[in-house]
Engineer: 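Questions regarding the structure given below will be posed in turn.
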2 protein chains.
Amino acid sequence: MKAAKPPKVTIRDVATASGVHVSTVSRALDPARRQRISKEVLALVEETARRLGYQPNRAASALRTGRTHTIGVLLPDITNPVFPPILQGIEAAAAARGYFVFVANVGDPQLAQPILARMKAQQIDGLVMAIALREDPLIDFVRDSGMHAVMVNRADESGRLPAAVSDDRLAMKLAVDHLVALGHRRIAHLAGPQTVPTGVGRRQGVEQALRDHRLPAPRIVECDSYSREAGQQAMRVLLESSGKRPEAVVCCNDLVALGAYDVLRAAGLRIPRDISITGHNDMPLVDMVDPPLTTIRLPHRELGWQAAEMLFQAIEGQALLASTVVLRPELVVRASTAAPAAA
Amino acid sequence: MKAAKPPKVTIRDVATASGVHVSTVSRALDPARRQRISKEVLALVEETARRLGYQPNRAASALRTGRTHTIGVLLPDITNPVFPPILQGIEAAAAARGYFVFVANVGDPQLAQPILARMKAQQIDGLVMAIALREDPLIDFVRDSGMHAVMVNRADESGRLPAAVSDDRLAMKLAVDHLVALGHRRIAHLAGPQTVPTGVGRRQGVEQALRDHRLPAPRIVECDSYSREAGQQAMRVLLESSGKRPEAVVCCNDLVALGAYDVLRAAGLRIPRDISITGHNDMPLVDMVDPPLTTIRLPHRELGWQAAEMLFQAIEGQALLASTVVLRPELVVRASTAAPAAA
DNA sequence: GTGAAAGCGCTAACAG
DNA sequence: CTGTTAGCGCTTTCAC
């Protein structure tokens with residue numbers, strides 16, 4: 001039992017009600033060119049539009065102009081806490097420009113292409129991609145489809161698409177510098193999957209930072225994924241490997257660091273007394289774990305905002321100011337790092 | 001420098017290429033009525049459509065039919081970890097039916113109405129609302145606008161809109177039963193804001209469960225919001241109030257419980273030795289805090305899925321199977337609860 | 001089972 | 001500055 005359905009009021013109704021032609025109404029209601037309308041008519045039209053409760057029909061305008069004021073966002077997993085703030089940033093930028101955002105979770109990479117096809121059918125004006133592996137053919141597919149697109153969080157190394165990313169190398173340098181300043185020398189790295197740009201970038205960041213300090217190259221164990229389980233497994237491998245135990249471990253992200261926590265605790269080692277640990281992302285609640293995690297905070301929301309802004313620039317035909325925006329991460333020192341026990 | 005823009009292929013192109021009329025193509029490509037087309041023509045049309053790379057233009061079909069295959073979702077804050085799984089559920093249900101989802105963060109309740117107006121302009125087919133206070137006029141606004149809408153996570157007590165919710169009373173009963181079984185008698189409750197349905201429901205759940213055990217009514221402190229800060233403040237009030245210290249505290253959600261942790265730790269009290277704590281939501285990482293939090297797990301993803309399914313039923317004109325779907329929460333016992341130290 | 005024709009609501013030339 | 005006209009791509013009567 002719905003209430004009386006509100007009678008759809010169109011631009012035509014507004015036109016007849018205010019005694020002008022539809023095209024005049026169309027112009028009056030478009031901010032971009034209401035200036036070409038006389039003050040009186042403008043006021044009249046706006047008034048009657050409000051009075052009648054006129055709501056423009058975007059579907060009609062989309063059909064005519066080919067622009068829907070809609071963008072798509074492809075995420076691997078909205079449940080992963082790095083993505084909500086990114087999405088929030090995108091959404092905020094979109095709202096500020098009068099755009100809406102379609103979100104699609106692309107759990108299985110296989111689904112990306114069909115989802116993209118459906119988004120094209122919906123006539124999206126542009127696309128923000130937070131997925132894409134290294135050398136992903138999807139990027140070519142997107143470019144060839146002639147769609148405006150940008151990447152966020154994961155850079156496109158080949159530069160085929162604009163991107164907004166955090167500086168992975170700097171992030172790892174911040175972690176290493178901190179550990180070195182505390183007096184650590186034997187530093188290991190639990191690296192992210194080397195199939196993904198961030199995995200590579202962070203590993204290189206650790207390596208470079210250690211070189212800069214003229215310290216030996218880190219022992220590196222690669223994780224299968226950015227998960228706690230993968231972190232556990234990698235930490236186990238690290239502990240079981242020969243040689244002296246590292247004094248500190250730089251982890252590719254917080255979940256992996258927490259996986260390392262699990263294994264170290266099970267092995268009877270204390271953090272940070274026996275070993276220091278750093279993460280990356282500053283996920284919610286990592287300040288509540290035991291011990292609170294020293295990590296790298298990323299400007300996730302800002303990343304989303306910037307990516308969306310770049311996209312809108314492209315959509316609106318302006319020259320892009322930059323093809324890659326790199327934002328600065330920040331070190332957050334907590335209790336999982338300390339000077340080594342024995343000098 | 002874009003690649004050559006792909007020439008838009010329309011239904012008309014498919015028609016001429018296959019030597020039939022556009023309306024035939026239209027029918028052939030619509031699953032609902034391709035049956036009225038002869039096998040040969042059907043095959044021919046499908047083949048040429050594929051060959052030309054035809055993509056239907058949803059904007060055109062939307063203009064004609066008034067259906068966009070698009071729904072809107074209003075969230076208070078996607079950054080709050082309860083919402084991503086809900087959104088994921090909604091999105092999955094939508095994708096399964098060929099719909100897309102507009103997400104809007106409604107940080108300030110004042111923004112809800114303008115956002116809604118814009119969504120209407122976009123011709124959304126329906127709306128999932130995860131916002132709405134008790135007695136929220138927004139609900140009337142939505143109903144009066146003649147839009148299909150459902151609520152998720154927060155119920156509409158007045159029954160004006162269908163809803164998918166978790167059973168708040170049962171959730172609190174599970175927590176109380178657990179604490180009573182451990183031997184606790186003096187149980188307090190840090191309640192959620194009583195302006196919000198969940199805040200009221202959970203409080204009533206605690207009260208009822210204690211009555212069921214013939215135990216005294218709980219001491220109750222109301223939190224300003226579902227945040228850690230509010231939890232700290234409420235716990236401080238509880239500790240400073242007169243009377244014997246409670247043996248256990250049932251918190252309205254995990255963040256509030258973690259706020260309680262902060263204050264108890266600062267006061268030199270140990271959990272669970274001196275006091276037991278329970279949460280609600282089973283947020284990511286609450287199993288990693290010190291001590292791991294006993295809490296209530298909600299079927300968030302399922303909630304989103306069910307809400308979306310109800311919405312689609314309404315959109316597609318079927319009678320709703322239920323006006324409120326209530327799903328079962330589940331107790332997750334960890335280390336923040338234990339028998340009281342002294343019997 | 002298929003074709004013809006009209007039109008959803010809006011915008012973009014082109015006149016005046 | 002405003003009106004006229006045409007049509008975006010699709011669905012849907014209504015004929016045949």
Side-chain angles (χ1 to χ4, degrees), chain A residues 5-46 48-49 52-70 98 120-125, chain B residues 5-46 48-49 52-70 98 120-125:
Chain A
K5 61 168 182 262
K8 282 280 165 204
V9 25
T10 78
I11 205 176
R12 176 178 252 97
D13 300 322
V14 178
T16 57
S18 43
V20 297
H21 195 267
V22 286
S23 59
T24 308
V25 176
S26 175
R27 286 186 271 253
L29 266 28
D30 178 3
R33 62 176 127 168
R34 61 153 114 278
Q35 59 218 23
R36 298 170 186 271
I37 298 286
S38 69
K39 292 242 184 286
E40 307 81 44
V41 176
L42 185 72
L44 173 64
V45 170
E46 283 185 328
T48 45
L52 301 183
Y54 169 72
Q55 291 283 130
N57 181 331
R58 284 277 173 110
S61 132
L63 177 56
R64 186 64 237 248
T65 63
R67 301 266 319 275
T68 51
H69 296 269
T70 282
K120 271 194 77 178
Q122 287 282 6
Q123 311 291 114
I124 57 168
D125 292 337
Chain B
K5 62 166 180 264
K8 282 279 166 207
V9 26
T10 78
I11 206 177
R12 176 176 253 99
D13 299 323
V14 178
T16 57
S18 41
V20 297
H21 196 263
V22 286
S23 57
T24 308
V25 175
S26 175
R27 287 186 270 252
L29 265 28
D30 178 3
R33 53 181 54 208
R34 62 153 115 276
Q35 60 217 25
R36 299 171 185 271
I37 298 286
S38 69
K39 292 242 183 287
E40 306 81 46
V41 176
L42 185 73
L44 173 63
V45 170
E46 284 186 326
T48 46
L52 300 183
Y54 169 73
Q55 291 283 130
N57 181 331
R58 284 277 172 109
S61 123
L63 177 57
R64 188 64 236 250
T65 63
R67 301 265 320 274
T68 50
H69 295 269
T70 281
K120 271 195 78 177
Q122 287 281 6
Q123 310 291 113
I124 57 168
D125 292 336

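Below, chain A is the first sequence line, B the second, and so on; all start at residue 1. From a predicted model like this one, the values you see are computed outputs, not experimental measurements.
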Engineer: How does protein contact run along nucleotides 4-10 of chain C, one letter per nucleotide 5' to 3', with B for base contact, S for sugar-phosphate only, - for none, heavy atoms under 4.0 Å?
Structural biologist: B-BBBBB

Engineer: Contact class for A:Arg33 vs. all strands (heavy atom < 4.0 Å): base, sugar-phosphate, or nothing?
Structural biologist: sugar-phosphate

Engineer: Going by side chain to side chain donor-acceptor pair (under 3.5 Å), name the residues that satisfy it together with B:Asp30, two or more places apart in sequence or in a different chain.
Structural biologist: none

Engineer: For B:Ser26, enumerate each residue passing the side-chain contact (heavy atoms from CB on, under 4.5 Å) test, keeping only those at least two apart in sequence or located in another chain.
Structural biologist: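 Counting only residues at least two positions away or on another chain, B:Ser26 forms a side-chain contact (heavy atoms from CB on, under 4.5 Å) with B:Ile11.
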
Engineer: With A:Arg34, which residues qualify under salt bridge (Lys or Arg N to Asp or Glu O under 4.0 Å), at least two apart?
Structural biologist: A:Glu46

Engineer: Which residue pairs pass the side chain to side chain donor-acceptor pair (under 3.5 Å) test with at least one member in residues 52-64 of chain B, sequence neighbours excluded?
Structural biologist: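 Output for this query is empty, none listed.
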
Engineer: Return the set of residues passing salt bridge (Lys or Arg N to Asp or Glu O under 4.0 Å) with A:Asp125 (not counting sequence neighbours), or none when no residue passes.
Structural biologist: A:Arg67

Engineer: Return the set of residues passing side-chain contact (heavy atoms from CB on, under 4.5 Å) with B:Thr16 (not counting sequence neighbours), or none when no residue passes.
Structural biologist: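 B:Thr16 satisfies side-chain contact (heavy atoms from CB on, under 4.5 Å) with no other residue.
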
Engineer: Residues in side-chain contact (heavy atoms from CB on, under 4.5 Å) with A:Ala17, at least two apart?
Structural biologist: A:Leu52

Engineer: For a 4.0 angstrom threshold against heavy atoms of chain A, report the outermost contacting nucleotides of DNA chain D in 5' to 3' order.
Structural biologist: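 On DNA chain D, the outermost contacted nucleotides are D:dC1 to D:dG9.
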
Engineer: Atom CG of B:Leu63 and atom CD of B:Gln123: how far apart are they, to the nearest 0.5 Å?
Structural biologist: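 Here the rounded value is 8.5 Å.
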
Engineer: Which stems does DNA chain C form, counting runs of 3 or more consecutive Watson-Crick or G-U wobble pairs with both distances under 3.5 Å?
Structural biologist: C:1-16 with D:1-16

Engineer: Which residues satisfy the side chain to side chain donor-acceptor pair (under 3.5 Å) test with B:Thr24, sequence neighbours excluded?
Structural biologist: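 Scan of B:Thr24 (side chain to side chain donor-acceptor pair (under 3.5 Å), adjacent residues dropped) gives none.
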
Engineer: Could I get the full list of side chain to side chain donor-acceptor pair (under 3.5 Å) partners for A:Arg27, not counting sequence neighbours?
Structural biologist: A:Ser23

